[in-house]
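This report refers to the structure that appears directly beneath it.
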Amino acid sequence: MKGLDFIDYLGFLDKEDETQYLKYLDAWRKADILLLPTRAECAGIVFNEASAFGVPSLSVDTGGVADYVKNNINGYRMPLSANGEDFALKIEEWIKEDKLSTLSKGAKKIYKSRNNWRTWGISFNKLLEDSNIFKK
């Protein structure tokens with residue numbers, strides 16, 4: 001991947017370092033698509049990060065990806081059998097059918113409504129309250 005003029009390789013960015021964190025934020029602001037052709041994924045927080053910046057995700061329907069990437073809402077999950085050409089055709093479809101803007105809006109909506117720490121905290125607190133775990 002390094003050395004290709006159409007890829008801006010950033011390497012590892014330490015979010016604890018202010019300069020690197022600003023570079024990280026800038027990368028998300030410039031991104032059009034998160035392409036993560038993973039073959040095994042539990043629950044990548046990167047999908048939430050992408051949605052927070054309105055970046056549609058294109059990944060594989062494996063593990064916990066379906067909890068974060070909703071087909072035709074904030075991205076798309078390809079079948080496990082998908083290859084590079086299949087991913088390219090999906091991106092081409094999004095561009096030709098002008099879907100990136102709609103997917104971007106869907107990503108932001110999903111992030112604001114369910115995939116953020118505030119919403120998680122509210123849901124978790126409700127679960128604790130409903131379970132009566134702290135009541136004697």
Side-chain angles (χ1 to χ4, degrees):
M1 294 293 177
K2 292 180 187 179
L4 299 174
D5 62 353
F6 56 90
I7 294 178
D8 188 10
Y9 180 77
L10 301 177
F12 175 80
L13 295 175
D14 181 357
K15 292 187 237 178
E16 297 295 320
D17 177 285
E18 184 177 355
T19 302
Q20 291 182 45
Y21 181 63
L22 292 173
K23 191 174 184 179
Y24 164 82
L25 293 176
D26 188 54
W28 276 120
R29 288 185 192 105
K30 291 177 180 176
D32 295 308
I33 298 169
L34 169 65
L35 175 61
L36 186 62
T38 184
R39 295 302 189 224
E41 189 69 50
C42 294
I45 196 165
V46 71
F47 298 118
N48 289 340
E49 292 171 329
S51 286
F53 286 90
V55 176
S57 296
L58 182 57
S59 192
V60 177
D61 196 3
T62 185
V65 175
D67 289 335
Y68 303 95
V69 180
K70 304 297 180 187
N71 285 348
N72 301 313
I73 295 175
N74 69 328
Y76 196 81
R77 299 177 323 275
M78 302 293 287
L80 196 55
S81 62
N83 60 29
E85 183 177 350
D86 297 322
F87 279 87
L89 289 171
K90 180 55 74 174
I91 293 169
E92 182 178 49
E93 172 191 316
W94 286 355
I95 293 168
K96 283 183 176 179
E97 296 179 11
D98 200 26
K99 290 183 177 182
L100 286 174
S101 178
T102 301
L103 292 169
S104 176
K105 289 174 188 169
K108 287 179 183 178
K109 185 176 181 179
I110 280 181
Y111 178 77
K112 289 178 181 177
S113 67
R114 62 172 286 207
N115 288 353
N116 63 70
W117 287 117
R118 182 179 177 278
T119 304
W120 179 87
I122 291 168
S123 298
F124 188 73
N125 282 336
K126 178 157 178 31
L127 179 69
L128 289 176
E129 289 171 9
D130 290 351
S131 71
N132 295 317
I133 195 168
F134 295 113
K135 294 183 181 178
K136 292 184 179 189

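Predicted model only: the values in this text are computed from it and were never measured. Reckoned from all heavy atoms, side chains included, excluding hydrogens, waters and symmetry mates.
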Would you tell me whether N74 and S51 have side-chain atoms, one donor and one acceptor, within less than 3.5 Å of each other? yes

Is the count of non-hydrogen atoms from other residues, nucleotides or ligands lying under 6.0 Å from E18 atom CD greater than 12? no

Residues 57-75 vs salt bridge (charged side-chain N to carboxylate O under 4.0 Å, His left out), sequence neighbours excluded, gives D61-R77

Between atom [atom1] of [X] and atom [atom2] of [Y], what is the distance when rounded to the nearest 0.5 Å?
X    : Y    : atom1 : atom2 : result
T62  : M78  : OG1   : CE    : 14.0 Å
T102 : I73  : OG1   : CD1   : 11.5 Å
S123 : R118 : OG    : CZ    : 10.5 Å
I122 : T119 : CD1   : OG1   : 5.5 Å
S81  : N83  : OG    : CG    : 8.0 Å

Side-chain heavy atoms nearer than 4.5 Å, only ILVMFWY residues, links allowed to pass through others: does that put [X] and [Y] together?
X   : Y    : answer
L4  : L10  : no
L58 : I95  : yes
F53 : I33  : no
V60 : L34  : no
Y68 : I110 : no

Sorted by chain and residue number, the salt bridge (charged side-chain N to carboxylate O under 4.0 Å, His left out) partners of D98 (sequence neighbours excluded) come out as none

Listed partners of E85 passing salt bridge (charged side-chain N to carboxylate O under 4.0 Å, His left out), at least two apart: none

Which heavy atom in [X] sits nearest to a heavy atom in [Y], and how many Å separate them?
X    : Y    : value
F47  : S57  : CD2-OG, 3.6 Å
Y111 : N116 : O-ND2, 2.6 Å
S104 : P56  : N-CG, 3.9 Å

Suppose the criterion is side chain to side chain donor-acceptor pair (under 3.5 Å): which pairs have a residue in residues 20-34, not counting sequence neighbours? Y24-W28, Y24-E49, D26-K30

Taking the side chain as every heavy atom from C-beta outward, state whether L89 and E93 have any pair of such atoms under 4.5 Å apart. no

Enumerate donor-acceptor pairs with a distance under 3.5 Å from any side-chain N or O in residues 36-46 to protein atoms, sequence neighbours excluded.
residue	atom	partner	partner atom	Å
T38	OG1	A40	N	3.3
T38	OG1	A40	O	3.0
R39	NH2	A82	O	2.6
E41	OE2	G44	N	3.4

Ring pair (Phe, Tyr, Trp, His ring centres under 6.0 Å) with F124: which residues, sequence neighbours excluded? W120

